[in-house]
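Every chain is numbered from 1 and lettered A, B, ... according to where its sequence line falls, protein lines coming before strand lines.
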Amino acid sequence: MKLKSFPKGGIHPPHRKNRVYSSDDLNASLPKIAVIPLSQHIGAPAKCVVNVGDIVKEDDLLGEATGFVSSNIHASVPGEVIEIKDQFLPSGRVSKAVVIETKGEFSRLGKDLDKYTWEDLSNAELIQIVKDAGIVGMGGATFPTHVKLTLPDNVKLKHLIINAAECEPYLTSDHVLMLECSNEITEGLKILKKILDPEYIQVGMEINKEDAGDKLTESFKLANLDASVVFLKNKYPQGAEKNLVRAIIGKEIPSGKLPISVGVINLNISTVYAIYEAVVLHRPLVERFITIGGGAVKNPGVYRVRIGTSARALIEECGGFNEEPVKVIFGGPMMGFTVFDLDVPVTKGTSGIIALTAKEVKSANTTNCLKCGRCIDGCPMGLVPSRLYKLIDHHQLDEAIKSGLNDCVECGSCAYNCPAHLFLVQKFRAGKSIERRSKGAK
Amino acid sequence: MNIVLGILFAIISIGILGALLGALLSFASEKLKVEEDERVKNLEAILPQYNCGACGYSGCSGYADAVINGGEEINKCTPGGESLLVSISALLGVEATNKERMVAQVHCRGGQETSKDQYNYDGIKDCNAKYQLYSGDKLCKFGCLGDGSCINVCPVNAISYDEDNLVWVDKDKCVGCEKCVDICPTNVMKMIPYTADYIVACSSQEKGKDVKNKCSVGCIACSICVRKFPEAGFVVDKNLSSVDYTIKSDRTAVSEACPVKCIIHPYKEK
């Protein structure tokens with residue numbers, strides 16, 4: 001079988017996907033104190049609708065979406081609101097956060113939830129359910145899903161592509177999700193099929209998840225759903241939106257355009273599961289699958305974690321640290337964010353918490369650019385990272401934009417390849433931030 | 001014999017060709033001459049040639065062209081200052097009102113000893129890159145990040161680290177192009193009049209108590225400068241004191257009265 005892949009660039013970092021989980025004991029312990037940020041998505045932060053001292057129930061609304069590109073925030077645990085404070089997010093931003101001390105009764109935990117029928121609902125009603133449940137893209141970009149599902153008028157969707165590539169090293173949570181919940185995902189895809197009416201539904205995943213792919217295929221057959229699993233080469237960054245679309249349908253999304261311009265909508269597999277929970281179980285997005293891994297964690301594993309649980313609690317649950325970690329990363333090691341404080345909570349976009357040892361980090365001193373061109377070999381977007389770096393360094397931002405700075409997806413392939421250990425991605429992010437600011441000033 | 005003839009022929013033929021082409025060129029230079037505006041050339045010659053872009057045009061020649069042909073005002077060149085304005089007025093015979101000379105200065109004195117760190121930063125030496133990570137490594141999110149992006153961007157090398165290892169602008173070298181103001185992610189670089197005698201060297205808009213926890217030289221908005229010295233022109237807004245430079249007054253006493261000593265000269269005393 002010839003595997004599909006994106007045509008240029010890409011790297012092969014060591015997988016280190018050590019998939020450990022137990023299907024009976026997937027749920028992580030509930031947090032004693034949940035810190036739930038009001039801005040866990042791209043777009044306007046949610047408006048807080050609770051006050052200090054309020055008693056909230058599980059799944060109660062904490063923050064209301066302010067505008068179309070925004071998202072609701074719900075309580076992941078029942079209890080008392082003890083504080084509303086500023087909290088650093090894993091993404092480096094600061095947001096207001098509602099702090100809930102867990103107490104009282106769980107209305108839904110451990111109980112078999114009623115299943116609601118959705119076949120009779122209209123598309124607008126289904127999208128409204130997705131919106132009310134606060135569902136955002138759970139691959140990490142956290143773009144509100146209801147915005148994606150609202151197609152522009154007279155646009156016919158050709159492909160619905162589900163991203164299950166999980167190309168980052170260490171992460172296995174999507175894999176576990178597919179193994180454990182293949183029937184639920186199939187149901188979620190049926191819902192999406194009704195809303196979007198695509199010609200094809202394709203689930204793209206790297207070949208290292210063959211067992212999960214087979215399970216999904218089987219489940220599609222049982223449910224009589226016309227969908228297929230596309231296996232892709234093990235290559236990073238297979239899961240970047242533009243690369244995945246290029247690999248599966250063979251068409252390139254033009255620079256600066258959205259996937260819908262080539263008739264594609266791209267959703268993460270966890271998002272599909274969240275849509276199932278919202279529509280069938282009437283359950284908002286309050287928990288997600290997370291990989292806790294890295295050499296510094298004693299017992300790595302995959303857990304279903306409530307939003308707002310701190311990294312500290314999760315790592316303690318995994319037996320604590322073997323040795324002092326050099327870096328603790330939210331997300332995957334390639335594109336994730338290093339945090340300095342273990343009290344940072346899990347948000348809707350957190351796919352993993354990775355604690356790395358000094359041996360795994362392999363930090364080295366930066367030297368000058370050798371002009372070897374390995375960054376160019378690595379770049380999946382066909383850019384020239386070394387030139388972009390130089391242009392930003394010399395304050396020639398206009399030229400850098402012309403050379404495609406905004407096409408950079410910050411996947412880190414260039415920096416991974418760089419023998420001079422230049423901080424390429426960091427430089428690009430700095431350049432983009434200056435550009436955004438100067439645009440805002442104008 | 002043949003060789004001599006050959007050489008002779010080459011010399012003559014190339015000579016004739018050269019003369020013809022030369023005649024053609026001299027004819028073309030007369031016929032196709034582009035009238036260059038003498039005034040633009042003269043004006044460009046007296047501009048400072050920093051090509052800093054402070055006027056809003058792409059370099060000095062762009063500005064010169066805009067003044068002559070576009071009717072642009074002649075006081076847009078900040079680096080040139082008053083002396084340039086006089087010479088442009090003389091050259092063009094236009095009256096112009098002088099703008100006050102403005103210079104940049106860092107409104108933060110929080111360094112290693114005075115301002116606490118939040119985490120260990122281990123990345124490139126670039127303020128904007130650092131700012132992407134939790135708005136910088138300092139506990140105070142309003143302060144100077146100290147990685148010197150402004151030092152790199154300054155066209156006249158007016159910015160450097162001073163003896164306390166803090167970023168500082170030499171106001172005599174500063175030409176007022178505002179490039180450092182644009183690049184600074186925390187906006188601690190602000191423009192002040194050249195003649196300013198004191199600045200409030202802090203940009204934190206947090207409450208006094210929070211500032212005190214994070215930095216020993218931050219403005220705590222105690223308002224002593226406003227209440228005790230109503231004539232000195234201090235204003236406290238958003239938990240931060242600032243100076244109204246339109247009010248001329250002696251502010252030495254205020255500087256001494258400031259409990260955190262963040263009212264300082266925007267220049268180094270010799």
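- Taking the side chain as every heavy atom from C-beta outward, V344(A) and Q87(A) approach each other to under 4.5 Å.
- A donor-acceptor pair is defined here as one N or O able to donate and one able to accept, closer than 3.5 Å; such a pair exists between the side chain of K138(B) and the backbone of C144(B).
- Under a 3.5 Å cut-off, the side chain of Q118(B) and the backbone N or O of C140(B) do not form any donor-acceptor pair.
- Look at R387(A) and E399(A) and you find a salt bridge, because one of the NZ, NE, NH1 or NH2 atoms lies within 4.0 Å of a carboxylate O, short of that distance.
- Neither the backbone nor the side chain of N120(B) comes within contact range of chain A, judged by heavy atoms closer than 4.5 Å.
- Taking non-hydrogen atoms and a 4.5 Å limit, the residue list of residues 58-72 of chain B in contact with chain A is empty.
- Contact annotation: the side chain of L356(A) never approaches that of P325(A) to less than 4.5 Å [non-hydrogen atoms, C-beta and beyond].
- Between F88(A) and F340(A), the ring centre distance stays below 6.0 Å.
- For the options I183(B), I124(B), L133(B), heavy-atom pairs under 4.5 Å to chain A are most numerous at I124(B).
- Proximity to chain A is limited to the side chain of D126(B), based on heavy atoms less than 4.5 angstrom apart.
- Remark: side-chain polar atoms of Y161(B) are paired, donor with acceptor, to backbone N or O of G146(B) under 3.5 angstrom.
- When K427(A), Q426(A), K432(A) are compared by the number of non-hydrogen pairs under 4.5 Å with chain B, Q426(A) comes out ahead.
- The line from NZ of K268(B) to CG of D162(B) is 3.5 Å long, rounded to the nearest 0.5 Å.
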